[in-house]
Amino acid sequence: MKTALVTGANKGIGYEIAAGLGALGYRVGVGARDQTRRDAAVTRLREAGADAFGVPLDVTDDESVAAAAELVAEHAGRLDALVNNAGITGGAPQQPSTVDLDVIRTVLETNVLGVIRVTNALLPLLRRSPSPRIVNVSSTVGSLTRQSAAESATTSGPVAVAYSPSKTLLNAVMVQYVRELAGTNVLVNAACPGYVATDLNGFRGVRTPQEGAATAIRLATLPDGGPTGGFFEDAGVVSW
Ligand code: NAP
């Protein structure tokens with residue numbers, strides 16, 4: 001049986017990624033920092049037939065992340081798919097000229113350093129898998145091409161000097177992982193879920209969390225020889 005860990009899996013897109021992987025027969029670690037919300041998600045997933053287990057996890061905390069890796073090791077001995085989904089926006093407004101620098105620090109700590117912290121803690125377990133996959137849940141608002149072109153309100157979003165660049169940096173960090181892992185069987189890709197109705201945007205998104213989960217699920221379950229170092233949305237490749 002394959003095992004996946006999804007960060008921020010207690011609600012929103014992360015929950016649906018966990019549900020989707022569970023439905024595909026993966027044992028799913030539900031990474032979440034709040035015990036009540038984590039337990040509720042695990043219960044719901046189990047009721048839906050998934051083999052889910054709770055993983056206490058705050059991606060900003062070294063000890064929490066190390067303990068999460070130990071828990072996954074105890075449960076499964078290896079990890080086949082890591083989905084770095086946990087993320088925050090830092091709130092609004094985020095005009096560059098007036099932003100509180102602490103907002104940028106906080107967003108980067110979760111959206112970028114959190115992903116590096118979790119990935120590095122789990123890489124030893126991923127390397128034990130015959131087909132390891134890492135998926136970073138990014139966003140098209142991190143696409144410099146789309147931000148510059150301001151193609152549409154849906155893909156460019158509001159001016160957000162913490163959130164949008166955090167996803168740009170996340171993508172840039174991913175490219176360095178891909179370079180380091182070249183020649184291994186670890187496939188690393190970024191997924192944009194689209195504009196999804198979740199807590200993150202006050203449920204203003206136009207897609208369901210289930211729809212938003214689809215690309216990440218596809219990338220977490222890529223066959224051998226699948227793409228690596230790509231940035232994808234449902235419609236296909238996203239330009240950097
Ligand atoms: P959400 O409903 O707010 O869920 C975010 C999840 O991240 C929650 O489970 C939250 O846990 C968790 N989280 C936040 N900080 C954490 C930390 N320090 N440690 C562990 N977990 C943490 O938002 P969502 O829309 O599903 O977002 C999921 C991902 O999709 C994010 O990376 C987001 O940037 C990305 N995304 C979303 C959209 C969209 O339209 N919604 C579009 C593009 C990309 P708590 O419940 O404990 O806060």
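Counting convention: from 1, in listed order, for ligands and their atoms alike. Below, all heavy atoms of this structure are taken into account, side chains as well, without hydrogens, waters or symmetry copies.
Although no hydrogens or angles enter the test, the distance criterion places no donor-acceptor pair under 3.5 Å between the side chain of Thr140 and the main chain of Ser143. Without hydrogens or angle criteria, Arg146 side chain to Ser239 main chain gives no donor-acceptor distance under 3.5 Å. Judged by distance alone, the side chain of Thr221 and the main-chain N or O of Arg218 form a donor-acceptor pair under 3.5 Å. Proximity of a side-chain donor or acceptor of Asn189 to a complementary backbone N or O of Gly229 within less than 3.5 Å is detected.
Considering Ile217, Val6, Leu21, Thr3 in turn, Leu21 is the only one that fulfils the side-chain contact (heavy atoms from CB on, under 4.5 Å) rule with Tyr26.
Under a 4.0 Å heavy-atom criterion, Gly205 is not in contact with ligand 1. Remark: distances from the non-hydrogen atoms of Tyr15 to ligand 1 are all 4.0 Å or more. Gly194 counts as a contact of ligand 1, since one of its heavy atoms falls under 4.0 Å from the ligand. Residue Ser138 places a heavy atom under 4.0 Å from ligand 1. Distances from ligand 1 to the non-hydrogen atoms of Lys167 include at least one value under 4.0 Å.
The residue from Val55, Thr7, Asn85 that puts a heavy atom closest to atom 31 (C) of ligand 1 is Asn85. Considering Val137, Val196, Val6 only, the shortest heavy-atom separation from atom 30 (O) of ligand 1 involves Val137. Looking at Leu57, Asp199, Val118 and measuring to atom 20 (C) of ligand 1, the nearest heavy atom belongs to Leu57.
Nearest approach of Asn185 to Ser129, heavy atoms of both residues: ND2-O, 3.7 Å. Of all heavy-atom pairs between Val137 and Pro193, the closest is CG1-CD, 4.1 Å. Contact between Ala86 and Thr7 at its shortest, heavy atoms only, is N-OG1, 2.8 Å.
For ligand 1, the polar-atom distance check finds an N/O of Arg33 within less than 3.5 Å of one of the ligand's N/O atoms. Looking at Ile88 next to ligand 1, no N or O pair under 3.5 Å apart turns up. Between Asn10 and ligand 1, a contact under 3.5 Å exists for at least one N or O pair. On a distance-only criterion, Val59 and ligand 1 share at least one N/O pair closer than 3.5 Å. Among the atoms of Gly8, some N or O lies under 3.5 angstrom from an N or O of ligand 1.
Residue contact check: Asn201 has heavy atoms under 4.0 Å from atoms 39 (C), 40 (O), 41 (N) of ligand 1. Using a 4.0 Å cut-off to heavy atoms of Thr60, the atoms of ligand 1 that qualify are 18 (N). Counting the atoms of ligand 1 from 1 in the order shown, those under 4.0 Å from a heavy atom of Pro193 are 36 (N), 37 (C), 38 (C), 42 (C), 43 (C), 44 (C). Below 4.0 Å from some heavy atom of Gly12 lie the following atoms of ligand 1, by number and element: 2 (O), 26 (O). Ligand-side atoms of ligand 1 in range of Gly87: 5 (C), 7 (O), 14 (C), 31 (C), 32 (O), range being under 4.0 angstrom from any heavy atom.
By the criterion of a heavy-atom distance under 4.0 Å, neither the backbone nor the side chain of Thr140 is placed next to ligand 1.
Checked by atom type, the side-chain pair Tyr177/Asn120 shows a donor-acceptor distance below 3.5 Å. Side-chain polar atoms of Arg179 and Gln176 form a donor-acceptor pair below 3.5 angstrom.
Arg133 has a carboxylate O that lies under 4.0 Å from a charged side-chain N of Asp224, or vice versa, which qualifies the two as a salt bridge.
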